[in-house]
Amino acid sequence: MYAKRRQRLLNRLGDGMLILPTAPHAIRNGDVHYSFRAGSDLHYLTGFDEPNSLLVAWRTGAATHRSVLFVPPRDRAREIWDGPRAGVRGAVKQFGVDEAFAIEQLWEKLGELLGAHARVFHTLARDPAFDRRLLQVCAHNAAKQRRGNPPAHPVLEDPLPAIADLRLIKDADELARMAVAARITARGHCRAMQGAAPGMIEYEVQSLVETEFRNQGSARNGYDSIVASGPNACILHYVKNDRRIRRGELLLIDAGAEWEHYTADITRTFPVGGGFSEPQKAVYAAVLKAQKAAIRSVKEGATWDAPHKTCLRVLTRELIALGVLRGRPDSLLKKGACRTWFMHGTSHWLGMDVHDAGTYQEPDGKPLRLRAGMVLTVEPGLYFDRRDTSVPKELRGIGVRIEDDVVVEKRGPRVLTDGVPKEIREIEALCVGGG
Ligand code: GLY
Ligand code: MN
Ligand code: MN
């Protein structure tokens, strides 16, 4: 599977040498690191997950290529501290590359591997020290090749857009992993609905969600969980999660479990310690209506922003019904009047990364058209700040977002995340235990 992906990528890039390092292992303080997760691109092309590693690959024909991994070598002393490594032999045996070297040999070997390649596919500016050394190797190599005077340096090209193009269309293996991530994530959200109670601190509910993720076999989250009670729901990237939840408030949870490197991205908003109040219900119903209509607009051939356009249209009307906006829907829509309370986008690509790789534009700059195998979120919301005196009093402090993950299929949208309810009745039935 990984070799096939490499071949497809290299065929797309054409002749030349790909250099792809993994993510750096970031230091938190002293000798303590942040937990490491392999760069998604390197994992996508090799399945290799160790820090301090790098892939070099080039095509030798339409169906053949060579790949070389540079990896941390076996090291008994280090492995006592950090755990086992595949090492040079393991990299070849377990990961199917043609050759592997210790990462310490990178600079000595890279010149040899570069040989007469006229193009180098490497992304600049992620690691300036690496870039400088690479340019030195290229210059030295060009001089050695004596292809002319002055020597012909290789052309540098960014491989990321080509990798992103491949990652944008998920294959069957990826979709299967995403379905598991979605199922686990839905279970976590259900657990929160059942367990959240007035008086708990947001992070206690976070722990319920994430414990369920772990219990279901997910090793980590795809992103930091947002557990936002009452007015905190209006802070879009709220991750402090340290407020005590009061009876009758809404709780907005945006959390996703990772399964084998693929993440889900679900948001649900539900009442704690009873059913929805009338104003909460009205806002929730408005967002739900927009979200369902937006999901219906996910179709092959539609533009990727069709769900967003649908949300703008539906929410403008709903805001009029809520007494927030006044005027004619068409002119309010044109003015973007709803953006005060729905200020984010509706969709993004989803996959190994929560905001996954992939362009949003066709080559002519127009919005990208959806194709089977793309996966996107649909996540409208309405957020009425506590201090917003322009909205009816009873709406202030209410924030609602509903987010599902949707696969574009030939026969229509397939919602991966329907394992957690979003209908008002179903949510109230599940939440009753928290009262
Ligand atoms: N969880 C991040 C997002 O919904 O985009
Ligand atoms: Mn999202
Ligand atoms: Mn989300």
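The shown structure was predicted, so the numbers you read here are calculated from the model rather than taken from an experiment. Whatever order the structure lists ligands and atoms in, that order sets their numbers, starting from 1.
For Glu403, the N, O or S atom with the smallest separation from the Mn ion (ligand 2) is OE2. As for His348, its N/O/S atom nearest the Mn ion (ligand 2) is the one called NE2.
A salt bridge does not link Lys299 with Glu409: none of the charged nitrogens is closer than 4.0 Å to a carboxylate oxygen.
Residue Ala294 comes nearest to Thr310 through the heavy atom pair N-CG2, 3.7 Å, listed as atom of the first residue, atom of the second, then distance. The minimum heavy-atom distance linking Leu160 with Thr123 is given by the pair CG-OG1, 3.2 Å.
No donor-acceptor contact under 3.5 angstrom links the side chains of His237 and Asp224, judged on distance only.
Listed for the Glu379 side chain is no donor-acceptor partner under 3.5 Å among the backbone atoms of Thr267.
The Mn ion (ligand 2) does not have Asp254 among its coordinating residues (no N/O/S atom, backbone or side chain, under 2.8 Å). Among the atoms of His355, none of the N, O or S atoms falls under 2.8 Å from the Mn ion (ligand 2).
Within 4.0 Å of ligand 1, protein heavy atoms come from Tyr223, Asp254, Asp265, His348, His355, Glu379, Glu403.
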I'd like a table of donor-acceptor pairs (distance under 3.5 Å, sequence neighbours excluded) in which one partner is a side-chain atom from residues 362-375, with atom names and distances.
unit_1, atom_1, unit_2, atom_2, d
Glu362, OE2, Arg369, N, 2.8
Asp364, OD1, Lys366, N, 2.9
Arg369, NH1, Gly301, O, 2.6

Under 3.5 Å, which donor-acceptor pairs do the side chains of residues 315-327 form with other protein atoms, sequence neighbours left out?
unit_1, atom_1, unit_2, atom_2, d
Thr316, OG1, Leu312, O, 2.6
Glu318, OE2, Lys289, NZ, 3.2

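Listed by chain and number, the residues in a side chain to side chain contact (heavy atoms under 4.5 Å, CB included) with Ser207 are Thr211 (sequence neighbours excluded).
Draw a line from the Mn ion (ligand 2) to OD2 of Asp265 and another to OE2 of Glu379, and the angle between them is 150° (to 10°).
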